[in-house]
Chemist: 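Pasting in a structure now, in structure tokens, and then I'll have a few things to ask.
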Number of protein chains: 2
Amino acid sequence: MKTVSNVVRDYPHVSARTRERVQRAIDELGYRPNMMGRRLATGKTGLLTLAFADVGIPYFAELARVVSRAAEARGYRVLLEETDATLDGERGILASSEAGLVDGMLFQPSVMSSTEIARHRSDLPIVLLGETAAPLTVDRVMIDNVAAAAEVTRHLIAAGRRRIGFVGHEEPALSETSRQRIMGYQSALEEAGLQPDAGLLFPSASISAADAAAAVGAALDRGASFDALVCRDDLAAIGALRALHERGLRIPEDVAVTGWDDIRLAGMMFPSLTSVAPDLDALASQALDMLFERMAGFDGMGRHRIAPHGLVLRESAP
Amino acid sequence: MKTVSNVVRDYPHVSARTRERVQRAIDELGYRPNMMGRRLATGKTGLLTLAFADVGIPYFAELARVVSRAAEARGYRVLLEETDATLDGERGILASSEAGLVDGMLFQPSVMSSTEIARHRSDLPIVLLGETAAPLTVDRVMIDNVAAAAEVTRHLIAAGRRRIGFVGHEEPALSETSRQRIMGYQSALEEAGLQPDAGLLFPSASISAADAAAAVGAALDRGASFDALVCRDDLAAIGALRALHERGLRIPEDVAVTGWDDIRLAGMMFPSLTSVAPDLDALASQALDMLFERMAGFDGMGRHRIAPHGLVLRESAP
DNA sequence: TTGAAAGCGCTAACAG
DNA sequence: CTGTTAGCGCTTTCAA
């Protein structure tokens with residue numbers, strides 16, 4: 001029994017002859033190791049949960065891809081879990097009454113508060129993704145949203161834009177993501193001596209191109225005037241493009257537009273989207289590094305890491 | 001031990017008093033049932049694999065979402081597996097040397113041949129998704145691609161289009177998906193007395209908007225002339241829109257464009273995309289129905305089911 | 001209605 | 001280097 005186990009797992013101290021004999025039997029019988037047995041015995045499942053709002057949102061889909069590849073490289077598989085950005089959904093993720101299904105979890109909360117996350121004392125190693133306020137006790141990776149938002153805003157200012165709006169944040173309850181991006185946007189305006197104008201903030205009913213288009217369209221129809229839009233994410237930017245196109249405005253001549261996330265389709269819009277590009281590979285590997293350290297027993301304070309980002313200049317805001 | 005097990009699983013024949021006593025102990029101790037133990041004992045894992053090329057492709061991301069919700073409603077979780085549309089990737093999925101990790105699998109092959117799939121005698125219940133030729137022995141769900149392609153082509157013909165191209169299939173090796181769509185397209189042309197023109201087939205180097213844009217752009221630049229494009233999928237359509245825009249052609253006035261899959265962003269393009277809309281909910285639930293029957297022991301011939309589809313008319317081909 | 005015993009398929013510790 | 005003996009945490013008989 002043990003010898004077979006050793007052969008299956010490539011344990012070195014097995015004589016070539018025995019190994020070969022066992023292997024032949026394995027092949028003949030079509031034996032497949034049963035994971036559940038192995039995992040019960042070792043206590044490791046080889047599974048990770050990746051939880052976020054909705055795979056149908058391109059950013060998350062691309063994140064899932066990157067995480068899943070990175071996990072696979074470390075011998076892990078990924079279980080996808082969607083919260084629909086609801087409190088219940090997110091609580092369900094943390095509560096998930098069954099233990100031992102996964103060895104660790106990568107979790108991007110949308111609405112849960114830092115304190116509620118902190119209160120959840122679970123034995124499951126967790127690393128948080130994204131900007132939602134993370135408790136000091138929990139690891140987290142994000143990009144520097146404030147800095148990136150300031151960069152993109154500065155880029156517009158340098159191109160001569162003076163009335164710069166912001167599109168796509170939630171209302172009335174701002175997500176931490178939106179808050180940080182708006183902070184960066186505002187600080188860049190102020191640093192250039194421009195007056196932030198609350199009338200140039202255009203919230204969207206949901207994270208979707210359709211709602212962003214509706215918001216920008218309504219603003220234009222009631223006479224709002226701006227020469228650039230910083231969008232919370234690429235979906236909002238795509239919606240903004242659509243609303244502007246519909247009303248015959250030229251992009252970027254009349255209004256420059258920037259997105260965020262640099263999703264695959266960003267370059268295929270017309271005009272193509274200038275966008276903040278988080279380094280997903282770095283983000284995923286930093287997150288997994290910390291998660292594996294936790295799984296290996298590390299029990300220190302929460303580490304908060306910053307993943308790099310870039311700004312990809314395209315036609316919508318050259 | 002057994003009594004606790006009974007309480008945990010809500011087995012009815014436990015006295016109220018005992019149940020209450022056990023429950024209190026569970027709460028105090030923070031006991032969580034360990035899935036691996038349960039699953040080893042029952043032989044069921046509660047896990048399903050969903051395998052396809054790439055979650056970064058919007059259609060697959062949306063499919064993942066629908067499947068994952070439908071599976072959850074039946075008490076199952078979904079393990080995501082990507083093949084990158086490579087033969088090795090797909091073989092790896094079928095071979096996956098460990099048994100017992102999942103109870104069943106939904107698999108959308110991209111390149112594997114029907115015979116190779118058939119040859120793979122595995123004890124794992126499988127249902128195939130999509131058009132790739134499926135062996136008679138294996139269950140499969142798809143939409144009627146030939147019919148849908150004919151419908152969309154007829155729609156263009158009815159709108160007065162006469163030189164209708166097809167965009168986005170592979171070259172030189174056509175996928176079964178593309179083959180069926182081209183068949184439907186061609187049959188609608190012929191039925192209207194239009195001459196199919198091989199010069200109006202514009203293959204794309206990959207399933208991506210960028211390559212489709214390059215293909216359509218190159219065709220236009222070498223003088224190809226057409227008044228409508230049936231695109232293999234929405235990504236190809238988005239690429240086609242881009243190439244047409246770049247060259248100052250009006251859509252739909254000069255060229256009408258149709259997509260396929262009706263991804264979320266289809267309605268947000270400018271102009272918004274007319275698209276074939278597969279009924280993903282129906283597709284997922286039919287697939288899961290058959291999969292659960294297999295998991296329950298059904299061992300008959302492969303069932304080949306057709307899920308419904310619609311045609312969503314939007315600005316690009318009203 | 002409750003409890004005792006056996007075993008799911010594997011690995012870890014130990015002995016030979 | 002190989003084999004034996006105990007579990008991992010649960011469920012499933014089967015008795016009490």
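This structure is a prediction, so every number in the text was calculated from the model and none was measured. Throughout, a chain's letter reflects where its sequence line sits, starting with A, and its residues are numbered from 1.
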Chemist: Would you indicate which nucleotide in D:dC8, D:dG3, D:dC10 comes nearest to any side-chain atom of B:Ala41?
Modeler: D:dC10
Chemist: Per the salt bridge (charged side-chain N to carboxylate O under 4.0 Å, His left out) rule, which among B:Arg305, B:Arg303, B:Arg74 passes with B:Asp289?
Modeler: B:Arg74
Chemist: What's the CG-C1' distance between B:Leu101 and C:dC8, to the nearest Å?
Modeler: 16 Å
Chemist: Look at the side chain of B:Arg9 and decide which nucleotide, out of D:dG9, D:dT11, C:dG9, has an atom nearest to it.
Modeler: D:dT11
Chemist: Looking at the side chain of B:Asn34, which of D:dC1, D:dG3, D:dC10 is the nearest nucleotide?
Modeler: D:dC10
Chemist: May I ask you to decide if B:Arg32's main-chain N or O and B:Asn34's side chain share a donor-acceptor pair within less than 3.5 Å?
Modeler: no
Chemist: Taking 4.0 Å as the cut-off, does a side-chain nitrogen or oxygen of B:Ser5 come that near to OP1 or OP2 on D:dC10?
Modeler: no
Chemist: Rounded to whole Å, please give me the gap between NZ in A:Lys2 and P in D:dT5.
Modeler: 15 Å
Chemist: Want to settle it: does A:Arg38 or B:Arg21 sit nearer the 5' end of DNA chain C, counting the closest nucleotide to each?
Modeler: B:Arg21
Chemist: Over how many whole Å does the gap from A:His13 atom NE2 to C:dG16 atom P extend?
Modeler: 21 Å
Chemist: If I take atom NZ in residue A:Lys44 and atom C1' in nucleotide D:dG9, what distance separates them, rounded to the nearest angstrom?
Modeler: 16 Å
Chemist: For D:dT12, take OP1 and OP2 only and decide whether either is under 4.0 Å from a side-chain N or O of B:Tyr11.
Modeler: no
Chemist: Taking CG from B:Asn6 and P from C:dA4, how many angstroms apart are they, rounded to a whole number?
Modeler: 14 Å
Chemist: Using atom CG of B:Leu40 as one end and atom C1' of D:dC8 as the other, report the distance to the nearest whole Å.
Modeler: 8 Å
Chemist: Using OP1 and OP2 only, check whether a side-chain N or O of A:Thr3 sits under 4.0 Å from D:dG3.
Modeler: yes
Chemist: Hey, are B:Ser178 and B:Glu170 close enough side-chain-wise for a donor-acceptor pair under 3.5 Å?
Modeler: yes
Chemist: Both B:Ser15 and B:Gly37 contact DNA chain C. Taking the nearest nucleotide for each, which residue is further toward the 5' end?
Modeler: B:Ser15
Chemist: Is it possible for you to check whether A:Lys2 lies under 6.0 Å from the centre of the six-membered ring of A:Tyr11, through NZ or CZ, and within 45° of that ring's axis?
Modeler: yes
Chemist: A:Met35 has an atom CE; how far is it from atom C1' of D:dG9, in whole Å?
Modeler: 18 Å
Chemist: Please answer whether the main-chain N or O of A:Val111 pairs with a side-chain N or O of A:Glu90 as donor and acceptor at a distance below 3.5 Å.
Modeler: yes
Chemist: Specify the separation, in whole Å, of atom CG of B:Leu29 and atom C1' of D:dG9.
Modeler: 15 Å
